[in-house]
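Numbers here are sequence positions counted from 1. Counting convention: from 1, in listed order, for ligands and their atoms alike.
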Amino acid sequence: MSDVIDSNKALTSTRFSDLNPSLSEPVLEALTAAGFEFCTPVQAATIPLLCSYKDVAVDAATGSGKTLAFVVPLVELLRRSSAPPKPHQVMGIIISPTRELSSQIFKVAEPFISTLSNVRPMLLVGGVEVKADIRKIEDKGANLLIGTPGRMYDIMERMDILDFRNLEILILDEADRLLDMGFQKQINSIISRLPKLRRTGLFSATQTEAVEELSKAGLRNPVRVEVRAEVKRLNESTSSQQLAASKTPSGLHIEYLECEADKKLSQLIDLLTKNKTKKFIIYFMTCASVDYWDVVLPRLSSLKGFTLISLHGQMKQAAREKALASFTSLSSGILLCTDVAARGLDIPGVDCIVQYDLPQDPNVFIHRVGRTARMGRQGSAIVFLMPKEEAYVEFLRRRGVPLEERKCSDEAPDIIPLIRSAAKKDRNIMEKGLRAFVSYIRAYKEHHCSYILRT
Ligand SMILES: Nc1ncnc2c1ncn2[C@@H]1O[C@H](COP(=O)(O)OP(=O)(O)OP(=O)(O)O)[C@@H](O)[C@H]1O
C-alpha cells in the first residue's frame, strides 16, 4: 500500500481537529498553544495511520513537519494505554542520528508529553557521562527514551531495570543516516529487545536499499507515505518550463557555481559581503576544515562585523550546544559546519546554504539545502564545484534536484595573498591549514571521488 502526496502547499486544508481518529483534547490544546492549526501533508497522512495502529515508512521532503508527524501519534498511543506506566516501564522510543537532532525532538515533544500523566521522558545522547544517565534512570525512572542509537544501546546493555514488554511505539528518524553512520548493529540489537506487537514508524528524506532492508526487518505491513514537491524546472535543451517531482522544497532556489579551487574563497567572500544582512550556513567537508576557516575568516577585513560561529562533531558537547543556540538566536550571521548540522536541524530564518565542499555522502546534499526554505518559505542554496566535479550536476538532476548555473562574479576580491601573509605571521593558521588540507585529501579520496566517478 502506498500514498503519494503533493507537498506543494506547506499546509493542507486539514485541521488537526479534523483528523480521524480524533486527537485528544489535551493534544489539540498543546497544538493550538504552539500555533499549529492545519496539518502539513506528511502529518495529515501519517498521524491517522499510526493512530490506527498501522506501521508507516515515510519518505518526505526536508522541513515538511516530520517531527510532529510522529510525536503527536506517539503521545496519543501512550494516552490510550490502560494504566499509567510504572517508573521503569518504557512505552516509547525515538531514535535519531545526532545529539542535536535528538535534543531538538525532545524539546518539540515536551509540551505534548506533559499532557500525559506520569510519563517521564529521558534524553539519551553521548557527550555526557553514561553513569549520570544510569543514575537518573535508577532514581527517577524513564518511560519514553529519545536519543542516539549508541547511547540508547549502551543503556540497554548496562541496565536490566528497564522493562520494554509494554512498549507501544518505536520511531526511527532519519533512518538512512542511522544506517550510514554504522548503527545497524545497535539498532538491530535495540529492536530485538522490543515486543513484536508494537507500532513502528520509519522516517527518512532519502530512501536507500539499507532503509528498505531495515523496513522489512523492523516493520509489519507498513503503509508507505511519500511526500514529493512539484517544482518548476528549467529544461536546458528546450528552455521550456517542465514539472518534475522533487524532494527539495518548492520555495528553494538551488544554483551551482563552477570555479577552480583557488577561486572558491574569493567567490565566497564576494557572496557574503553582498549579502551582509542574511543568515548563512556554509558546509565544509571535514572538522579540520571548519577549524581552519574559523581562524582564517575572522581575520579578513571584508568580513569585519560578521558573526561567525563554528560547529562540528569533534567539538565538546557543551560547545556544540552553545554554538547551535547562538546561531539559532541570530537574525543574520554565518555558521561554518560539517554534516553534523546537515540533517533535521530546524534553525529559524536561514536564508542561504553554501556548500563550499561537496558532501562526503551524495545523499546529504538534499538534507544540507533543506536547512532553508522550510515550511513553504523561500530560500536559496549555492554549491561550489571545481571543474573536475562537474559530473555532480547531472548526478543531482537525475535525482530530481532542480539546479541552475550561477556565473562567477567578476567583482570577487583576490583573497589568497591576504591569507598567505597572515599565515606567515601566525603558525596557528599554517598548522590548521595543513591539518585541514590532509583531512580534506583523505576524505576526498575515501568518499568523495568514488561517487563522482560512479556517475
Ligand atoms: N502543522 C504545522 N503548522 C505550522 N508549522 C509547522 C507545522 N508542522 C511543523 N511546523 C514547523 O515546521 C518546521 C519544520 O518541521 P520539522 O523540523 O518537523 O521538519 P522535518 O520534516 O523533520 O525536517 P527535516 O527533514 O529537515 O528533518 C518546524 O519549525 C515546525 O515547527
Distance flag, aromatic centroids of Phe70 and Phe203, threshold under 6.0 Å: yes

message: Can you name the atoms of ligand 1, numbered from 1 with element, that are less than 4.0 Å from a heavy atom of Phe38?
response: 1 (N), 2 (C), 3 (N)

query: Is the closest heavy atom of Glu174 to ligand 1 under 4.0 Å?
result: yes

query: In ligand 1, which numbered atoms sit nearer than 4.0 Å to a non-hydrogen atom of Ser64?
result: 19 (O), 20 (P), 21 (O)

Minimum side-chain heavy-atom gap Lys66-Thr40 below 4.5 Å: no

field: Enumerated ligand 1 atoms positioned under 4.0 Å from heavy atoms of Leu11
entry: 1 (N), 2 (C), 3 (N)

- prompt: Against heavy atoms of Gly63, which atoms of ligand 1 measure under 4.0 Å?
  reply: 19 (O), 20 (P), 21 (O), 23 (O), 24 (P), 25 (O), 26 (O)

- prompt: Any salt bridge between Arg198 and Glu168, counting N to O under 4.0 Å?
  reply: no

task: Consider ligand 1: state whether an atom of it lies below 4.0 angstrom from any non-hydrogen atom of Arg371.
output: yes

message: Both conditions, 6.0 Å and 45 degrees, for the charged tip of Arg399 above the ring of Phe395: are they met here?
response: yes

query: With a cut-off of 4.0 Å, which atoms of ligand 1 are near a heavy atom of Leu68?
result: 8 (N)

message: List ligand 1 atoms under 4.0 Å from Phe16, heavy atoms only on the residue side.
response: 1 (N)

message: Does only the side chain of Met375 get under 4.0 Å from ligand 1, or the backbone, or both, or neither? Count heavy atoms.
response: side chain

field: Residue Arg374 vicinity, atoms of ligand 1 by number, heavy atom under 4.0 Å
entry: 14 (C), 16 (P), 17 (O), 19 (O), 20 (P), 23 (O), 24 (P), 26 (O)

query: Looking at Lys107 and Asp346, does any basic side-chain N land under 4.0 Å from a carboxylate oxygen?
result: no

